[in-house]
Every structure is written in C-alpha cells, then in structure tokens.
2 protein chains.
Amino acid sequence: MSIEQKSAGTVALYQRIRTDLETRILSGEWPPGYRVPFEHELMQSYSCSRMTVNKVLSALAAAGLVVRRRRAGSFVSRPRAQSAVLQIPDLKAEVEKRGERYGYQLLKLTKRIATANDRARLAVGARESVLALRCRHDADGEPFAIEDRLINPQAVPVALQQDFSVIPPNTWLVGQVPWTEAEHRIIACNAAGADAAELKLDEGTACLVIERKTWRNGEPITAVRLTHPGHLYNLIARFTPTG
Amino acid sequence: MSIEQKSAGTVALYQRIRTDLETRILSGEWPPGYRVPFEHELMQSYSCSRMTVNKVLSALAAAGLVVRRRRAGSFVSRPRAQSAVLQIPDLKAEVEKRGERYGYQLLKLTKRIATANDRARLAVGARESVLALRCRHDADGEPFAIEDRLINPQAVPVALQQDFSVIPPNTWLVGQVPWTEAEHRIIACNAAGADAAELKLDEGTACLVIERKTWRNGEPITAVRLTHPGHLYNLIARFTPTG
DNA sequence: AAGTGGTCTAGACCACGTT
DNA sequence: ACGTGGTCTAGACCACTTT
C-alpha cells in the first residue's frame with residue numbers, strides 16, 4: 001500500500017485538520033453545542049487513521065474548543081474566559097457588555113504593495129500586498145478607540161472580499177481566522193495629530209496604545225494598533241506564579 | 001501477546017509518565033538545560049511504545065516545560081516562559097539586563113494605621129497597620145519609575161525589620177515572599193504633581209501606570225503602583241489561544 | 001446492547017540538525 | 001551520515017454512557 005504521510009505539503013495533516021475544524025468553530029459555522037463529526041466520520045472525510053483525528057480532537061478539547069463525551073460525541077463548547085490582557089478582545093462585545101451603545105466607522109481602507117513601514121509592522125514579502133484599514137470605535141457616541149490595522153491577504157484571502165464598512169475588522173477576524181500566536185505591546189503615549197482629533201481629545205492627553213500582532217503557525221495574519229483614551233480604558237490581568 | 005494497556009490502575013500510562021517527568025523537572029532534579037532521556041530510552045524505562053512517550057514529550061513541549069530539538073534531544077527549558085505582563089518584574093534586574101546602571105532611592109517610609117484610602121488599595125482590617133513606601137528607580141541616572149507601595153505587616157512581619165533604604169522593596173519581596181495570586185491593572189495617565197516632579201517629566205507627559213496587588217491564599221500581601229515615563233517603558237505579552 | 005471516546009502498540013517514512 | 005524527533009497507520013482492547 002502507499003503510505004502518503006506528510007509527503008505532500010510541508011504542513012502536517014493533523015494541523016490541516018485542526019485548522020479546518022477550528023475555522024468552522026470560530027466562524028460560527030459550528031455553533032456552541034454543535035456535535036462535531038465522530039472520529040470515524042472524520043477518518044473517512046480526511047482519509048486518515050483514527051489516531052490522527054483523535055489527536056486533533058484531543059487537542060481541541062485541551063484547548064477548550066470542544067467537549068468530548070463518551071458514547072455521545074464531541075461538542076463545540078462555550079468560549080472560555082481568559083485574562084483580559086491575554087485576550088484578543090472584540091471591542092463591540094466589550095462595549096455592549098458594559099451596557100453602552102457601540103458605534104463603528106471605517107475611516108480609510110487601502111490595498112497597497114507593502115511599504116517599508118508596513119513590512120516593519122507585518123513581516124510580509126517584499127512585493128506583496130497588504131490591506132490597510134483605519135477605523136474608529138465609539139461607546140455611547142464617544143470615541144473609544146482608533147484602530148490602525150494591516151491585514152496580510154496572503155494569510156486571509158477572504159479579507160479582500162469583505163465589506164469592512166459595517167463589520168469592524170477585529171470582530172470579523174476574531175470569528176474568522178484561527179490564530180496560534182499573538183503578541184501585545186502596551187504603551188502609554190500622548191495623543192497627537194489625527195489620533196487626537198479623531199478621538200476628540202486635547203493634544204497631549206494620555207492614551208493607552210495596544211499593538212498586537214497575530215500569527216498562524218508563524219505566518220503573520222494581522223498587525224493592529226489600538227489607541228484608547230487613557231481615561232476610558234484599562235487593562236486587567238489576574239495571574240498566578242505558575243501561569 | 002498480552003496487550004496490558006490501562007487495565008491496571010485507572011490512570012493512563014502516559015499520564016503517569018507525564019506526572020513523573022513533570023515532578024523531576026519542577027523539583028529541580030532535572031534543572032534547566034538538562035537533557036531529558038531520549039524517546040527510545042523512555043520506551044525502555046517504561047516498557048511502552050514510542051507513541052506513548054512521544055505523546056508525553058509533545059505535551060510537555062506544548063506546556064513549555066521542555067524544548068525539543070531534532071537530533072539533539074529534549075531539554076528542560078528555561079524559566080517558565082511567562083509573558084512579561086504576567087510577571088512580577090524585578091526592576092533592578094530589568095534595568096541591568098538592558099545594560100544600564102540601576103539606581104534606587106527611598107523617598108519615604110511610614111508605618112501607620114490603615115486609612116480608608118489604604119484599605120481601598122490593600123484590603124486589611126480596620127485598625128491594622130500598614131507599611132507605606134515611596135521610592136524612585138533610575139536607569140543610567142534617569143528616573144525610570146516611581147513606586148508607591150503598601151505592605152501588609154500581618155502577612156509579612158519581617159518587612160518591619162527590613163531596611164529598605166538600600167534594597168528596593170520589590171526586589172526584596174520578589175525573593176522573600178511566596179505569593180499565590182496577583183492582579184495587574186494597566187493604565188495610561190498624564191504625569192502630574194509629585195510624580196511629574198520626581199520623574200523629572202513635564203506636566204502632562206504620558207505615563208504607563210501598573211497597579212499590582214498580590215495575595216497569598218487570599219491574604220493581601222502588598223499593593224503597588226508603579227508609574228513609568230511612557231517613553232521609557234512598554235509591556236510585552238506573548239500568548240496563544242489556549243493560554 | 002451498542003457505539004463512542006480513551007488508550008495503546010509495533011511498526012513505518014520523512015525532515016532536519018548535529019556531527 | 002546518522003540519529004533524533006515529527007508524523008502517520010491499521011489495527012486492538014477497554015471503560016463508559018446513552019439508548
């Protein structure tokens with residue numbers, strides 16, 4: 001017989017399957033409570049052994065995305081809570097959770113060949129394109145955050161067809177693209193120029209800036225800079241010595 | 001042949017092996033850098049298949065306890081790779097790590113019966129005393145942080161005899177007092193008053209403020225407010241969806 | 001009673017880093 | 001070149017839960 005193994009692409013089979021399932025779950029195609037296909041069904045779908053799909057489902061269970069029950073199957077679980085600094089927050093949900101009215105406005109959207117500056121923020125190839133967005137988030141009509149984002153279309157081709165004039169890119173991405181690593185850089189700086197104007201702040205007002213990069217298996221997905229008025233936004237982290 | 005499997009105890013073999021290895025690592029018996037036995041060695045030790053020990057080592061790698069390198073082996077990894085925002089940093093060590101000269105000055109130290117304000121910061125009893133400190137940290141002679149700290153003497157009696165004019169309280173506490181929980185609140189604000197003056201900043205300069213509380217089994221140990229010039233201090237966090 | 005996940009095996013090929 | 005980890009398979013037995 002022919003053992004194909006990972007001979008094809010360099011990406012492991014169980015990784016592809018995992019990404020596949022994660023995408024379905026995060027996109028909402030498989031909502032919480034949905035019964036994931038049985039192991040033997042996935043074996044057939046992906047033409048692989050049970051060990052392989054078992055590894056994927058076990059990993060998803062360990063990550064909290066699914067709950068497994070003997071005899072019953074595996075089910076998409078509720079999103080887990082995490083400490084706020086280590087979250088990728090959905091600003092819309094955050095604002096609404098506080099009982100405030102959420103507002104969103106797309107200020108600018110361009111697709112361009114990555115400039116040197118872009119490539120410093122998002123490590124894409126030399127002549128590759130990036131999607132650049134700038135938008136504003138409001139809470140009860142007050143500017144709450146300015147979002148400056150670069151998206152790597154190589155990693156998220158669907159982004160090119162997406163209409164960001166209504167759906168904020170963070171909300172969309174959070175539900176659309178499974179990521180594996182993220183980095184936050186948290187900075188305090190004085191509001192200036194367009195940021196100050198668009199946040200309706202006096203020049204010099206302290207702002208909390210969160211620069212976040214996310215990757216999927218080493219491939220950059222997006223880089224975003226969120227500028228919040230300092231008096232409207234704090235980050236909280238609870239933790240223990242062992243993590 | 002006789003496939004024993006998990007027939008014996010109800011605990012899975014790979015779980016026993018994992019606990020075993022974790023104990024060796026966490027106890028320090030296998031220090032950082034120690035080369036964990038090869039998979040084929042563990043197979044023999046535990047009389048099991050390679051898949052099983054592989055599952056264990058992969059899990060330990062995913063948890064960050066070991067680093068695996070082809071051809072070389074698996075090695076106990078360095079201090080729990082915890083993200084910086086979830087650390088309790090030793091400012092002295094941080095500054096010196098960047099190759100800068102560390103300076104420290106105790107500005108004020110008082111022991112007093114907890115005021116209402118103190119009790120809001122550090123949840124101690126009504127008539128109990130607190131140790132209040134204010135000090136400054138310098139990097140290469142430049143003010144780097146103002147530290148405002150309350151210590152609960154009920155939790156750390158030794159603190160009363162400690163001489164904080166030379167040893168910074170954070171450095172001392174980090175090495176002295178085991179804690180079980182901590183909380184960070186991260187804020188951006190404009191420098192003002194004594195903070196601005198002691199940091200040698202213009203009024204209004206953006207500062208990154210970190211308010212941290214630590215507990216030991218629910219008992220408050222200390223509450224500290226660290227005010228950093230925004231242009232001198234960023235927080236970094238690296239993380240994954242699973243935490 | 002039946003079917004699911006939980007665990008385990010004894011092989012195998014491959015990629016890759018160290019030598 | 002060699003040996004390690006990375007991945008995969010095609011089976012197997014078992015425990016448990018739901019029907």
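Over its length, the helix from C:dA1-D:dT18 to C:dT18-D:dA1 turns its helix axis by 10°, as judged from the five terminal pairs at each end, rounded to 10°.
Panel note: side chain B:D140, backbone B:E142; no donor-acceptor pair is recorded below 3.5 Å. A donor-acceptor contact shorter than 3.5 Å is absent between the side chain of A:N54 and the backbone of A:M51.
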Measure all distances between protein nitrogen or oxygen atoms and nitrogen or oxygen atoms of nucleotides 17-19 of chain D, and list the pairs falling under 3.5 Å.
| residue | atom | partner | partner atom | Å |
| --- | --- | --- | --- | --- |
| D:dT18 | O2 | A:R71 | NH1 | 2.9 |

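Judged by distance alone, with hydrogens and angles left aside, B:R50 brings no side-chain donor or acceptor close enough to the base of D:dT4 to form a pair under 3.5 Å.
In this structure, the nucleotide among C:dT7, C:dT9, D:dG6 sitting nearest to the side chain of B:K55 is C:dT7. Nearest nucleotide to the A:Y14 side chain, out of D:dG5, D:dC8, C:dG5: D:dC8.
B:Y14 and B:V56 make their closest contact through O-CG2, 3.3 Å (heavy atoms, listed as atom of the first residue, atom of the second, distance).
A:M51 has its CE atom 10 Å from the C1' atom of C:dT9, to the nearest Å. As rounded to whole Å, 16 Å separates atom P of C:dG3 from atom CE of A:M43.
Applying the ring-ring contact (aromatic ring centres under 6.0 Å, His included) test to A:Y46 and every residue at least two apart in sequence or in another chain returns nothing. Annotation: side-chain contact (heavy atoms from CB on, under 4.5 Å) contacts of A:L160 (sequence neighbours excluded): A:K111, A:L131, A:P153. Applying the side-chain contact (heavy atoms from CB on, under 4.5 Å) criterion to A:F38, with sequence neighbours excluded, gives A:R35, A:H40, A:E41. A:S49 meets the side-chain hydrogen bond (donor to acceptor under 3.5 Å, both in side chains) test with A:T52; sequence neighbours excluded.
Distances shown here put a side-chain N or O of B:T52 below 4.0 Å from the OP1 or OP2 atom of C:dT9. Remark: A:H40 is in phosphate contact with C:dT4, judged by side-chain N or O atoms under 4.0 Å from OP1 or OP2.
Going from atom OH of A:Y104 over to atom CZ of A:F144 covers 15.5 Å, rounded to the nearest 0.5 Å.
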